[in-house]
Amino acid sequence: MRSVTYSMGVSLDGYIVGPDGGFDWSEPDEEVFRFATDEVRELGVHLMGRRLYETMLYWETADQNPSLDFPTLEFAAIWKRLPKVVFSTTLSAVQGHARLASGDLAEEIERLRAEPGEGDIAIGGATLAAEAAALGLIDEYRPRVHPVLVGGGIPFFPQHERRVDLELVESRTFRSKVVHLRYRVVRQAVS
């Protein structure tokens, strides 16, 4: 069964954007960028909310900029062909290799898990990830922790009153002192 993963850059105090809406502190260096590119390369589909979709639209045409370096062009090519499902109540159409969600989040994930195919199902955006977490649908949390405290903003971890036990399955510290952590959700066996 395909895993549902949630991976983003996060400040040490737990935010994906600061109180001013900025996230310039999470701009990856070359090593972290290559790591993130490899992570996206292994995906089968990416689920996202409207705001993340609109932010990532840049990558749909980035390959047309001849001044970009190879790693950036490589990421653009991988992102462009990756299937995406957008959850929005305000958009009536999406571009590129994307479609608007036809069901609620749990239905979409159930459908995608049942489909033949390889690669994980990624969740992007704090609001959509919080909904998936509240429903117990996330299998792995993969924060890339940046050495900065931003003091507030949009949290990486959903704010719901539910305990989730995690098992660390991988960690890596980059030269930039960004730390990648990969935690698998510990599911209790049903008897």
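Below, each value reflects all heavy atoms present in this structure, side chains not excepted, and no hydrogens, waters or symmetry copies.
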Worksheet item: Linking Ile, Leu, Val, Met, Phe, Trp and Tyr by side-chain heavy atoms under 4.5 Å, what else ends up with Val169?
Response: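 Val169 shares its hydrophobic cluster with no other residue.
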
Fill in: Side-chain cluster (under 4.5 Å, hydrophobic types only) that Tyr58 belongs to, other residues
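Once heavy-atom contacts under 4.5 Å are chained together, Tyr58 belongs with Phe33, Val40, Leu43, Met48, Leu52, Tyr53, Met56, Leu57, Trp59, Leu68, Leu73, Phe75, Ile78, Trp79, Leu82, Val86, Leu91, Val94, Leu100.
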
Donor-acceptor contact present, side-chain [X] to main-chain [Y], <3.5 Å:
X: Thr173; Y: Lys177; answer: no
X: His97; Y: Arg81; answer: yes
X: Arg2; Y: Gly119; answer: yes
X: Tyr6; Y: Phe156; answer: yes

Worksheet item: Do we see a donor-acceptor contact under 3.5 Å between the side chains of Ser3 and Arg184?
Response: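 Judged by distance alone, the side chains do not pair up.
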
N-O pairing of [X] and [Y] below 4.0 Å:
X: Glu170; Y: Arg142; value: no
X: Arg34; Y: Glu30; value: yes
X: Glu107; Y: Arg111; value: no
X: Arg175; Y: Glu31; value: yes
X: Glu167; Y: Arg182; value: no
X: Asp139; Y: Arg187; value: yes

Looking only at heavy atoms, what is the nearest atom pair of [X] and [Y], with distance?
X: Ala132; Y: Ile138; result: CB-CG1, 3.8 Å
X: Ser176; Y: Pro147; result: O-CG, 4.1 Å
X: Pro19; Y: Gly152; result: CD-O, 3.0 Å
X: Val150; Y: Gly18; result: CG2-CA, 4.0 Å
X: Gln95; Y: Ala98; result: O-CB, 3.4 Å

Counting only heavy atoms not in [X], do more than 12 sit closer than 6.0 Å to its [atom1] atom?
X: Phe87; atom1: CZ; answer: yes
X: Glu54; atom1: CD; answer: yes
X: Gln64; atom1: CD; answer: yes

If we only count heavy atoms from C-beta on, is the [X] to [Y] side-chain gap below 4.5 Å?
X: Val4; Y: Asp120; value: no
X: Ile123; Y: Ile109; value: yes
X: Thr37; Y: Arg41; value: yes
X: Leu181; Y: Tyr183; value: yes
X: Tyr15; Y: Phe23; value: no

In Å and rounded to the nearest 0.5 Å, what is the [atom1] to [atom2] distance from [X] to [Y]?
X: Glu74; Y: Asp63; atom1: CD; atom2: CG; value: 13.0 Å
X: Ile121; Y: Glu108; atom1: CD1; atom2: CD; value: 10.0 Å
X: Ile154; Y: Ile16; atom1: CD1; atom2: CD1; value: 5.5 Å
X: Asp165; Y: Arg163; atom1: CG; atom2: CZ; value: 4.0 Å
X: Glu42; Y: Thr5; atom1: CD; atom2: OG1; value: 10.0 Å

Discussion item. Restricting to side-chain hydrogen bond (donor to acceptor under 3.5 Å, both in side chains), what partner residues turn up for Asp20, sequence neighbours left out?
Written reply: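 If we apply the side-chain hydrogen bond (donor to acceptor under 3.5 Å, both in side chains) test to Asp20, skipping adjacent residues, there are no hits.
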
Fill in: Pair listing, ring pair (Phe, Tyr, Trp, His ring centres under 6.0 Å) test, anchored in residues 118-139, at least two apart
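Residue pairs passing ring pair (Phe, Tyr, Trp, His ring centres under 6.0 Å), neighbours aside: none found.
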
Practice prompt. Sorted by first residue and then second, give each ring pair (Phe, Tyr, Trp, His ring centres under 6.0 Å) pair with at least one member in residues 161-182; sequence neighbours left out.
Written response: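 Only Phe35-Phe174, Phe35-His180 qualify under ring pair (Phe, Tyr, Trp, His ring centres under 6.0 Å).
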
Tell me whether [X] shares a hydrophobic cluster with [Y], the cluster being built from Ile, Leu, Val, Met, Phe, Trp, Tyr side chains joined at under 4.5 Å.
X: Val178; Y: Trp25; result: no
X: Val32; Y: Val145; result: no
X: Val185; Y: Leu168; result: yes

Worksheet item: Among pairs that include at least one residue of residues 143-155, which meet side-chain hydrogen bond (donor to acceptor under 3.5 Å, both in side chains), considering only residues two or more places apart or in two chains?
Response: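 Matches after skipping sequence neighbours: Ser7-Arg144, Glu39-Arg144.
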
Worksheet item: Could you walk me through whether Thr127 and Arg51 pass the side chain to side chain contact (heavy atoms under 4.5 Å, CB included) check?
Response: CA-CA 10 Å; Thr127 303; Arg51 283 185 299 225; 3.3 Å; yes

